[in-house]
Every structure is written in structure tokens, then in C-alpha cells.
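We name chains A, B, ... by the order of the sequence lines, and we start the count at 1 in each one.
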2 protein chains.
Amino acid sequence: MSDLSFRNWQSVQDEVLRRINSRLWKPGDLIPNEAELATEFGCARATVNRALQNLADSGLLDRRRKAGTRVTLHPIRKATLDIPVIRREIEGKGHTYLYSLISSQTVIPPQGIIGRMQLKPDDRLLHLVCVHMADGKPYVFENRWINPRVVPEVSGVRFIDQSPNEWLVENIPFSSGDITFSALSATKFESGILACKESEGLFVIDRSTWRGGEAITSVRLIFAPGYQMHTDI
Amino acid sequence: MSDLSFRNWQSVQDEVLRRINSRLWKPGDLIPNEAELATEFGCARATVNRALQNLADSGLLDRRRKAGTRVTLHPIRKATLDIPVIRREIEGKGHTYLYSLISSQTVIPPQGIIGRMQLKPDDRLLHLVCVHMADGKPYVFENRWINPRVVPEVSGVRFIDQSPNEWLVENIPFSSGDITFSALSATKFESGILACKESEGLFVIDRSTWRGGEAITSVRLIFAPGYQMHTDI
DNA sequence: GAGTGGTCTAGACCACTGT
DNA sequence: CAGTGGTCTAGACCACTCC
């Protein structure tokens, strides 16, 4: 059946993919174990392992010790999004980047932020409001909260020349975070800042980042009309 | 310096992460090569390789043969999104799923679709318009184009009981695809279908999938107000 | 208890690329 | 050309989990 042509993990992966896509191995089917495949393909078990593990990571195979490897019944496709610094995103598109700080103050945050960042009731946060512009036109509105108790370094920064987005990425490592994507209708306030019509549909990213058990920062990014986030799968 | 405690690739990765986050190794720095780290950690080079490769995949390290491994200067965080079948997404939230086909016809598609799917000028596509509902309320509007030349199986399907979304995922494997996320303002048409106010901001996903060099299908999903897409990083 | 995947090892060769 | 990461191998042991 097979010749000696499966000498590396990529070709093994391609062959397994071929068998899945051709429905030789159907969704739900148990496939041969690693040792058998290694024999069939004429390579080491570790090579087969690498290929199958990669396919399991992308959601096409389900693997469990003792139970073996099965073709995923209802595959959940995974897309990977790049989350660049806003300045680099804009410059990467060939536009001129400009940043403008609108306001900066230390205040007791609203309930929504307290909940999302799991703050103590009397925590005061640095609240920054600013706009990133591409070729002079508003690109995204950044509404950010930073916890100075967790990030004391922030007290020495003015955020005049550098946006909080960029400063945080370059200076404050984080251990985990969560992102929510949604859409909203521009209020009068947002339409003013982003130079768009009131009630226009806008793309929104809410993101919080954590270090250990404490929230570092939480931000809402509201993008100007026409913004698109793209990826390949 | 180090004891014998780095016996597996995860602990090696943790230690490397610690050195990056503590700024012992700063962005741009060249770190020791695999052989040196293996000696220091008291493990095999393959174990170090696995750890560093994983970190490079998540964008924290830059690795090049001969040039060595550096801490990424401007890390691009990557988020992984799960893209489930709509029915499962709704049922997974504990809602009752309902699907309704609005129209189905084979027509010459508009220019935008011809371009996006790189069709021949006289290709006719199956055009399906339908709505997915959660607990009886509109959840997402599916506007789909399928190329019957690439997917002849589609001719036997009525899409009365099963949505094109679900049928395609379960029956038509694809080799690649692209996704675009954006926001738009509801037109009168969309506000009618999704039972929302006209001009309300709506979350939109455009997705095309390909097999070999040919486009299988292209779809625009317009979600009802309030929809959120969430992930952890 | 036994079968499966998960991982580690020591060694080897190769592929790429900076100098 | 030489140094680095990328990968393969054969063998081993372990961890999990189904029966």
C-alpha cells in the first residue's frame, strides 16, 4: 500500500488529512494507534505523534489515552487573530500614525469596571481617554482603566507622546487576559470623536489583562466605521 | 545556579517565561542556544526545543537558524477563536434552536461575490437566505452563496430542516478559508429580519472557504444586537 | 490490569543563513 | 564555512483511563 515516502511529520500530517477529507476515515471513526501508523508509514512513533498532535490542536482529531484517536465528530474550527499594537497596525497599512490624549484622571471607576476587574470597592483607577488616528482621520477611540496598585510604574508616565496601549504592551507583561468583540451604535459622544454619523454601527473590542489574580487594565476600543479585522483559517 | 527541577518542557517554558517577564532577558536580547540551556536545565535538547518552539508559536520568541533565538521586540499577541456550528453555539448557551429558510435560488451572483470567490463570469451559484433563532428570537441572519460546480452534492439538499451552515460543516471538508469581522448599521431589510431598530449597530462575519484553488462557499452572517464573541488569551 | 497517548533521552543528520 | 535551530530515531518510562 504505502511506500517509503512518509519520512517527516508534515507528510504524515498531509496523508492523515487526505484520509479524513476523502472520508476514508469518517467523523467519529477510531483511527489506528501511533505504533501501527508508524509501522505503516515507515517512520518513528514520535514522528506520527507530532503530526497527530498538531491535528488535534487544530481540532480535527480527538485523542485520549487508552481510548485512542478519533476523527472529531463536530469539528470546531479555530481561527487565530493577531493583536498588534495599534500604532503598528496603522503604520503597517501604510498610513501616518497620530495619537491624541483627550483626558487623564484618577477616579473611582463605575460599577461595570469594578465588576469586570474584580476591584476592591475603594480602588481608584487611572482613567485615560484618547484617540488613535490614521492619516489624520480618527481610527480608534481608546477608553482605558489602569490599576496603579498593580502597576505602580504608571504613576511616572504622562501618556502625551505614547499611548497607554503601546506603553502597556512594551512595559507591563501579563499572564492572561480576555477579549470580547461586539458592535454598538454610535452615541452622540462617540460620533463626535470618531467623526461619524450618530447611531452608526461601530466595531468594538473589550479587553482585560491580568497578572496573577489581579487585573492590570481594562480597555474598550471603539473603531471608526469601515474597520475590519481579518484572518485566515 | 539551577537545580535538577526542569525535567519537562512545561517547566522549561515556565522558567523561560519568568526570565522574559522579569526582564532578565529583555525584548531584543539573544538568549543562550538550545544546547546551553539543555545543559543548564539538566534536560535533553529536544525538551528545550519543544518549550522554545511553543513560545515562538505564541509570538514571544523569534527563532532563526544560525541567528539564534531572541525575545520578540514588539510581540504580537495571538488570540484563538472557536468557530462552532451556529446550532451548537445556541444550544450550548442553553437556548432552543430554530432555523428558518427564507429563500433559495440559483442565480448569477453580484460582482462582489464573483470577485471574492474568483468565479468564472458565467458561474451560477446557489443563493440561500435564512435565519437562525434562539428561544424564538432572531439570532443571526445567514446570507450564503454556494458553488454547485465545486460542490455537486448540494443539488440534492433542500435546506429545509438543516441550515447550509451545518450541512457544509458536516459534509464538505475544506482546505483553507478566510474570515473578516466588522460592524454595520442595520438597513430596513436587516432590521426587519432581526427584529431590531433600523440603523442599529450589528456584528458581522464574512467567511469564504476553499478547496484547492476553488471557492466552495461564501457567507455573510449578521448577528442580532447584543451579540458578543469572546475568547481568552 | 492493560492499552493508549504523552513525554524524555541521547545521538544523529540536515537545512538554513549570517559572516 | 560554521553555528544554529529543525527534525528524526529507537528506546524507554510514565499517566491516564477504559474495561
Side-chain angles (χ1 to χ4, degrees), chain A residues 2-17 19-20 25-73 75-76 78, chain B residues 2-17 19-20 25-73 75-76 78:
Chain A
S2 60
D3 28 35
L4 310 170
S5 32
F6 303 113
R7 308 288 307 154
N8 55 43
W9 71 268
Q10 309 228 23
S11 63
V12 170
Q13 171 173 318
D14 288 347
E15 173 61 13
V16 172
L17 265 177
R19 294 186 186 184
I20 294 174
W25 292 341
K26 301 182 196 64
D29 280 2
L30 192 64
I31 77 174
N33 68 32
E34 294 187 348
E36 293 176 57
L37 289 175
T39 308
E40 187 199 339
F41 292 152
C43 66
R45 181 166 81 92
T47 306
V48 174
N49 179 280
R50 170 101 194 239
L52 298 188
Q53 211 157 46
N54 208 44
L55 290 171
D57 284 345
S58 32
L60 274 78
L61 294 178
D62 279 336
R63 321 191 73 203
R64 272 179 7 259
R65 286 160 150 132
K66 164 75 182 176
T69 299
R70 291 176 181 279
V71 180
T72 305
L73 208 50
I76 295 182
K78 295 175 194 311
Chain B
S2 60
D3 27 35
L4 312 171
S5 32
F6 303 114
R7 308 287 306 153
N8 55 42
W9 72 269
Q10 309 230 19
S11 64
V12 170
Q13 170 171 319
D14 288 347
E15 173 60 13
V16 172
L17 264 177
R19 294 185 186 186
I20 295 174
W25 293 341
K26 301 182 197 65
D29 281 2
L30 192 64
I31 77 173
N33 67 34
E34 294 186 350
E36 292 176 58
L37 289 175
T39 308
E40 189 200 337
F41 293 152
C43 66
R45 183 166 80 91
T47 307
V48 173
N49 180 278
R50 170 95 192 244
L52 298 187
Q53 211 157 48
N54 208 43
L55 290 170
D57 284 345
S58 29
L60 275 77
L61 294 177
D62 279 336
R63 322 191 72 203
R64 266 170 21 250
R65 285 159 151 135
K66 164 77 183 176
T69 300
R70 290 176 182 277
V71 181
T72 304
L73 210 48
I76 295 181
K78 294 176 196 311

Side chain to side chain donor-acceptor pair (under 3.5 Å) partners of A:E36, counting only residues at least two apart: A:N33
Nucleic acid footprint by protein, nucleotides 4-12 of chain C - heavy-atom cut-off 4.0 Å, B for base, S for sugar-phosphate alone: BBBBSB--B
pair A:L73-A:D62: side-chain heavy atoms closer than 4.5 Å: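 When only atoms from C-beta onward are counted, A:D62 and A:L73 do not touch, as no gap falls below 4.5 Å.
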Exercise answer: donor-acceptor pairs, residues 41-59 of chain A side-chain atoms, under 3.5 Å, sequence neighbours excluded:
| unit_1 | atom_1 | unit_2 | atom_2 | d |
| --- | --- | --- | --- | --- |
| A:R45 | NH1 | A:E34 | OE1 | 2.6 |
| A:N49 | ND2 | A:E34 | OE2 | 2.9 |
| A:N54 | ND2 | A:Q13 | OE1 | 2.9 |
| A:S58 | OG | A:N54 | O | 3.0 |
| A:S58 | OG | A:L55 | O | 3.3 |

Euclidean distance, atom CG of residue A:L30 to atom P of D:dC18 [Å, nearest integer]: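 Atom CG in A:L30 sits about 13 Å away from atom P in D:dC18.
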Under the salt bridge (charged side-chain N to carboxylate O under 4.0 Å, His left out) test, residues paired with B:K78 that sit two or more places apart: A:D82
Which residues share a side chain to side chain contact (heavy atoms under 4.5 Å, CB included) with B:K66, sequence neighbours left out: none
